[in-house]
Protein chains: 2
Amino acid sequence: MEQLTPREKEIFDYITRQFEETGYSPSVRDIRAAMGIGSTATVYNYIEKLCDKGYLRKDASKSRSLRPVDDTPVYRVPVIGKVTAGSPIFAYEDNDGFVTFSPEGRRFNSSSLFALKVRGRSMINAGILDGDTVIVERCDVAYNGEIIVALIDDEATVKTFYAEDGKFRLQPENDEYEPIFTDHVRILGKVVASIRYY
Amino acid sequence: MEQLTPREKEIFDYITRQFEETGYSPSVRDIRAAMGIGSTATVYNYIEKLCDKGYLRKDASKSRSLRPVDDTPVYRVPVIGKVTAGSPIFAYEDNDGFVTFSPEGRRFNSSSLFALKVRGRSMINAGILDGDTVIVERCDVAYNGEIIVALIDDEATVKTFYAEDGKFRLQPENDEYEPIFTDHVRILGKVVASIRYY
DNA sequence: TCCGATTATAAACAAATGTTTTTATTATTA
DNA sequence: TAATAATAAAAACATTTGTTTATAATCGGA
């Protein structure tokens with residue numbers, strides 16, 4: 001990312017801070033006043049520079065449409081309550097609220113994420129405890145060793161996935177549990193993160 | 001929270017969605033157009049209602065200053081790199097970037113949070129694996145059974161805390177590790193959440 | 001010393017935007 | 001049936017706001 005001049009950085013920092021504090025963008029004149037600048041044109045030029053350099057976004061002629069380009073997106077992920085086979089599992093209405101999740105490095109299609117509260121101790125050796133929240137990316141294929149969410153007997157379950165001899169093995173990560181062998185598995189998605197609150 | 005009428009909810013949902021998609025608030029006329037309403041006054045009344053009922057915030061006479069009242073705050077938490085005893089541990093400069101964290105239910109003083117990348121397997125029985133990120137709330141006291149971050153030999157370590165017979169026991173959650181007994185412990189904070197990325 | 005980058009100003013215009021006032025329809029409820 | 005809540009409109013007004021144009025001071029490096 002192209003370097004900012006000292007003054008550009010000052011102005012960028014102000015915009016960012018305002019955005020965080022108020023929840024919306026300062027206007028050109030707000031910036032002018034705060035930075036002790038005499039003319040709106042000066043500010044306007046800075047804004048164009050910051051946009052050109054990739055630090056800001058704005059929509060032309062729209063008031064207060066500035067926003068810092070954020071490289072770590074924040075997703076508001078619906079927590080799915082009960083999962084039932086036939087029904088529209090991912091209907092927006094049938095959720096238990098939301099969790100906020102921001103990944104490291106990668107990006108997701110916002111609508112392809114959902115979350116699940118884990119019940120039971122079948123994955124404790126993988127560090128997924130009862131009550132943990134897993135963030136899941138919807139997909140219908142998986143590779144060996146990936147932790148997935150699958151639909152078993154009308155219930156969503158978290159297991160490690162293996163394809164063997166044309167069949168599937170869903171492996172709990174807990175010696176007290178037995179693996180599930182099946183010819184057919186309906187994969188809801190891959191676990192991309194897990195969160196625990198103390 | 002006071003109930004919304006059907007139409008109020010439609011309008012609130014539109015504002016929320018716009019906010020998420022564009023990063024800034026729609027104007028009164030944006031809403032008017034999108035909702036198929038003939039007059040800005042109608043929209044204006046709805047906005048006032050939504051503010052009165054506590055669903056929206058706005059600043060008087062400021063364009064595009066609407067924002068949904070968000071009850072789950074999002075914290076941008078600095079990831080502390082190396083921790084050294086005497087030095088200003090929490091200096092902003094010395095960090096490994098940020099993680100975004102939003103708690104369930106409770107609120108924190110934003111400046112009292114920091115994050116740590118866990119190294120080693122000493123807490124695996126508590127579901128904290130090598131590479132996990134723990135979110136820590138700064139504090140200098142703890143109660144028995146709480147998972148804390150303490151300073152041992154100039155290094156930050158995550159352990160379960162116990163005070164016994166006027167001494168302290170820092171308990172690893174892994175049978176291969178021995179507890180640390182000490183007369184004096186410098187507590188950096190309590191673990192309030194842990195996050196793992198796959 | 002000249003040049004370019006950085007920082008800055010004044011003045012005006014056009015458009016977008018929030019706000020007020022006054023009035024009306026419809027459906028529900030007492 | 002009368003009262004009330006929910007929904008809606010028109011028209012104007014006052015500000016706020018983005019944008020353009022033309023001009024200038026300062027400073028470091030070639």
Side-chain angles (χ1 to χ4, degrees), chain A residues 1-70, chain B residues 1-70:
Chain A
M1 193 108 92
E2 202 178 340
Q3 200 74 15
L4 294 184
T5 68
R7 192 59 166 154
E8 283 171 357
K9 182 163 163 46
E10 275 179 38
I11 289 164
F12 175 71
D13 285 345
Y14 169 74
I15 294 171
T16 307
R17 187 151 26 88
Q18 279 304 108
F19 207 90
E20 286 191 358
E21 281 177 13
T22 66
Y24 55 88
S25 159
S27 70
V28 173
R29 283 166 181 82
D30 289 343
I31 301 169
R32 183 185 129 273
M35 306 307 292
I37 289 174
S39 168
T40 56
T42 307
V43 175
Y44 193 79
N45 288 330
Y46 278 116
I47 290 173
E48 284 196 321
K49 272 274 175 57
L50 289 168
C51 287
D52 286 349
K53 293 190 177 182
Y55 287 79
L56 277 187
R57 282 190 186 288
K58 65 167 286 201
D59 290 354
S61 294
K62 287 199 172 177
S63 69
R64 297 178 184 275
S65 67
L66 297 177
R67 56 248 124 115
V69 171
D70 200 350
Chain B
M1 193 111 90
E2 203 179 339
Q3 199 75 16
L4 294 184
T5 68
R7 192 58 166 155
E8 283 170 358
K9 182 164 162 48
E10 275 179 38
I11 290 164
F12 175 72
D13 285 346
Y14 170 73
I15 295 171
T16 307
R17 188 150 26 88
Q18 279 304 109
F19 205 90
E20 287 192 356
E21 281 178 14
T22 66
Y24 56 89
S25 158
S27 70
V28 172
R29 281 167 182 83
D30 289 342
I31 301 169
R32 184 185 127 274
M35 306 307 292
I37 289 173
S39 168
T40 56
T42 307
V43 174
Y44 193 80
N45 288 330
Y46 278 115
I47 290 174
E48 283 196 321
K49 273 273 175 57
L50 289 168
C51 287
D52 286 348
K53 293 191 176 181
Y55 287 80
L56 277 188
R57 282 190 186 290
K58 65 167 286 200
D59 290 353
S61 295
K62 287 199 173 178
S63 69
R64 297 178 184 274
S65 67
L66 297 176
R67 61 252 129 135
V69 171
D70 201 350

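Each chain gets a letter, A, B and so on, in the order the sequences are listed, and its residues count up from 1.
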Within residues 33-43 of chain B, residues whose heavy atoms come under 4.0 Å of DNA chain C: B:Thr40, B:Ala41
Under-4.0 Å side-chain N/O to phosphate OP1/OP2 contact, A:Arg7 with C:dA5: no
Whole angstrom value for the distance that separates P of D:dA6 from CD of B:Glu48: 15 Å
Nearest-Å distance for atom pair CG/C1', residues B:Asn45 and D:dA6: 11 Å
Where B:Arg64 and B:Tyr24 come nearest, the two heavy atoms and their spacing: NH1-CE1, 3.5 Å
A:Lys58 atom NZ, over 12 foreign heavy atoms within 6.0 Å: yes
Which atom of A:Leu4 lies closest to which atom of A:Phe12, heavy atoms considered: CD1-CB, 4.2 Å
Within-4.5 Å side-chain heavy-atom neighbours: B:Ile31 and B:Ile11: yes
Electrostatic pair A:Lys9:A:Asp13 at N-O distance under 4.0 angstrom: yes
Rounded interatomic separation in angstrom, taking CG from A:Leu56 and P from D:dG18: 13 Å
Separation of atom CD1 in A:Ile11 from atom P in C:dT6, rounded to whole Å: 13 Å
Closest non-hydrogen atom pair, B:Leu66 against B:Phe19: O-CE1, 3.3 Å
Nearest-Å distance for atom pair CD1/C1', residues B:Ile47 and C:dG18: 9 Å
For atom NZ of A:Lys58 and atom P of C:dA16, their distance in whole Å: 13 Å
A:Tyr46 vs C:dT6: side-chain N/O to OP1/OP2 distance below 4.0 Å: no
Protein-nucleotide distance (B:Lys9, atom NZ; D:dT7, atom C1'), rounded to Å: 18 Å
Pair B:Glu20 + B:Arg17, salt bridge at N-O below 4.0 Å: no
Whole-Å distance separating the CZ atom of B:Arg32 from the P atom of D:dA9: 9 Å
Below 4.0 Å: OP1/OP2 of C:dG18 and any side-chain N or O of B:Tyr44: no
At a cut-off of 3.5 Å, list every protein nitrogen or oxygen paired with a nitrogen or oxygen from nucleotides 13-17 of chain D, distance to 0.1 Å.
unit_1: D:dT17; atom_1: OP1; unit_2: A:Arg64; atom_2: NE; d: 2.7
unit_1: D:dT17; atom_1: OP1; unit_2: A:Arg64; atom_2: NH2; d: 2.4
unit_1: D:dT17; atom_1: OP2; unit_2: A:Arg64; atom_2: NH2; d: 3.4

Other residues, nucleotides, ligands: >12 heavy atoms within 6.0 Å of A:Arg57 CZ: no
B:Gln3, CD: over 12 other non-hydrogen atoms inside 6.0 angstrom: no
